[in-house]
Amino acid sequence: MSVYYRGADADLVSRTVSVPARDRWEAALAIAATPPEEAGLQQAFPAGSFDQVHYDGFGWHGQFTVTLLDASALNAPAGMTVDEARLAIRAAVCTTQNGSDSRVNFFLDTKPAPRLFGQPLTDGMVRDADCPPEVRPSRSPQLVPDGQSPIPLDLLRLAKAFLRYAVGASDSFPHWESVSMSLGGQAVVSIDDVAAALSNREMWRICPGDWQTFGAASCPVDLLAPIHQAVANDVPIAYSAQYGEVTCAPRRSGPPPTGRMVVLRPTSEWRTCASDFALTLVADDHGLLRSIDLALSNP
């Protein structure tokens with residue numbers, strides 16, 4: 001996940017960190033509140049400000065609720081300026097949102113917090129914190145067999161090449177001239193000249209025109225984002241020749257993928273309502289990608 005610190009120019013800077021599968025938002029906030037070792041960065045808000053984080057991800061009204069540890073977080077610590085307090089709120093919101101645009105509600109016990117670090121809040125809520133772009137991980141994914149069903153070598157080569165492309169370690173992978181893309185069985189788009197389009201990674205951000213969310217993600221959904229998130233959290237990615245149901249996923253709009261395929265998922269301990277996914281690569285008889293389907297969990 002990304003956490004946000006105060007940089008040398010007094011603005012927010014994101015860094016990718018590893019967090020446990022459970023309580024990941026609490027862990028991210030705790031890391032953001034710890035003085036970083038990297039020179040030029042400072043924690044943006046005091047340690048011990050926040051307690052628990054909950055996410056209501058049903059529908060497009062998904063929102064976070066962050067509970068303050070105690071009333072001390074209502075007021076600015078000694079020496080914190082107004083600008084620093086506003087930056088601290090942005091850091092907490094951006095770390096919680098982690099790339100989403102879901103609103104963040106701050107609560108003290110069971111009531112909306114009237115202020116945070118001395119700055120007034122409207123019904124305890126913040127949404128637009130003007131978050132800087134997240135830093136994409138540069139590490140290589142850990143690819144492991146799921147131990148259930150072996151796959152042909154050409155499909156294993158496709159999985160490895162696609163993962164390297166997904167994290168920016170290569171510029172291409174084996175593919176047909178055209179590749180179709182779907183979300184939960186709902187066909188969205190077909191790219192007819194994939195070789196020419198691969199350099200534009202925006203092509204992987206898709207959604208049907210009348211959708212606002214898919215699982216826990218807001219539209220457009222980045223098909224590569226689950227891979228980025230897994231690599232950022234040092235989560236091994238398991239491969240299989242069989243599609244399995246994704247934990248807490250919304251009902252599929254179409255049938256499960258079929259054909260020669262390799263399914264990429266987090267390893268079993270990460271298959272929770274907050275982090276499970278299935279990215280299915282369907283190939284031809286020579287291991288060239290023909291279609292891709294993503295299923296996501298919904299916390």
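Keep in mind the model is a prediction, meaning the values are calculated, not measured.
The salt bridge (Lys or Arg N to Asp or Glu O under 4.0 Å) test applied to Arg164 returns no partner, not counting sequence neighbours. Applying the side chain to side chain contact (heavy atoms under 4.5 Å, CB included) criterion to Val282, with sequence neighbours excluded, gives Pro257, Met261, Thr280, Ser291. Take Gln142 and apply the side chain to side chain donor-acceptor pair (under 3.5 Å) test, not counting sequence neighbours, and it matches no residue. With sequence neighbours excluded, no residue satisfies ring pair (Phe, Tyr, Trp, His ring centres under 6.0 Å) with Trp176. Residues that satisfy the ring pair (Phe, Tyr, Trp, His ring centres under 6.0 Å) test with Tyr243, not counting sequence neighbours, are absent from this structure. With sequence neighbours excluded, the residues satisfying salt bridge (Lys or Arg N to Asp or Glu O under 4.0 Å) with Asp11 are Arg90. Residues satisfying the side chain to side chain donor-acceptor pair (under 3.5 Å) criterion with Thr267, sequence neighbours excluded, are Glu269. Scanning for side chain to side chain donor-acceptor pair (under 3.5 Å) contacts around Thr96 gives an empty result, with sequence neighbours left out. Partners of Glu202 under the salt bridge (Lys or Arg N to Asp or Glu O under 4.0 Å) rule, at least two apart in sequence or in another chain, are Arg205. Taking the salt bridge (Lys or Arg N to Asp or Glu O under 4.0 Å) definition, one finds that Glu26 meets it with nothing, sequence neighbours left out.
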Check your understanding: Would Asp146 and Ser240 satisfy side-chain hydrogen bond (donor to acceptor under 3.5 Å, both in side chains), going step by step from the backbone distance to the final call?
Key -> CA-CA 6 Å; Asp146 70 355; Ser240 170; 2.9 Å; yes
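Ring pair Phe173/Trp204 is tilted by interplanar angle, where 30° to 60° counts as tilted.
Geometric assessment of Arg201 against the ring of Tyr165 yields a positive cation-pi assignment under the 6.0 Å and 45° thresholds.
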Side-chain donor-acceptor distances from residues 65-75 under 3.5 Å, at least two apart:
{"from": "Asp70", "atom 1": "OD1", "to": "Ser72", "atom 2": "N", "distance (Å)": "2.9"}
{"from": "Asp70", "atom 1": "OD1", "to": "Ser72", "atom 2": "OG", "distance (Å)": "2.4"}
{"from": "Asn75", "atom 1": "OD1", "to": "Arg115", "atom 2": "NE", "distance (Å)": "3.1"}
{"from": "Asn75", "atom 1": "OD1", "to": "Arg115", "atom 2": "NH2", "distance (Å)": "3.2"}

Under 3.5 Å, sequence neighbours excluded: what are the donor-acceptor pairs made by side chains of residues 104-112?
{"from": "Asn105", "atom 1": "ND2", "to": "Gln63", "atom 2": "OE1", "distance (Å)": "2.6"}
{"from": "Asn105", "atom 1": "ND2", "to": "Phe64", "atom 2": "O", "distance (Å)": "3.2"}

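Other residues, nucleotides and ligands place more than 12 heavy atoms under 6.0 Å from the CG atom of Asp9.
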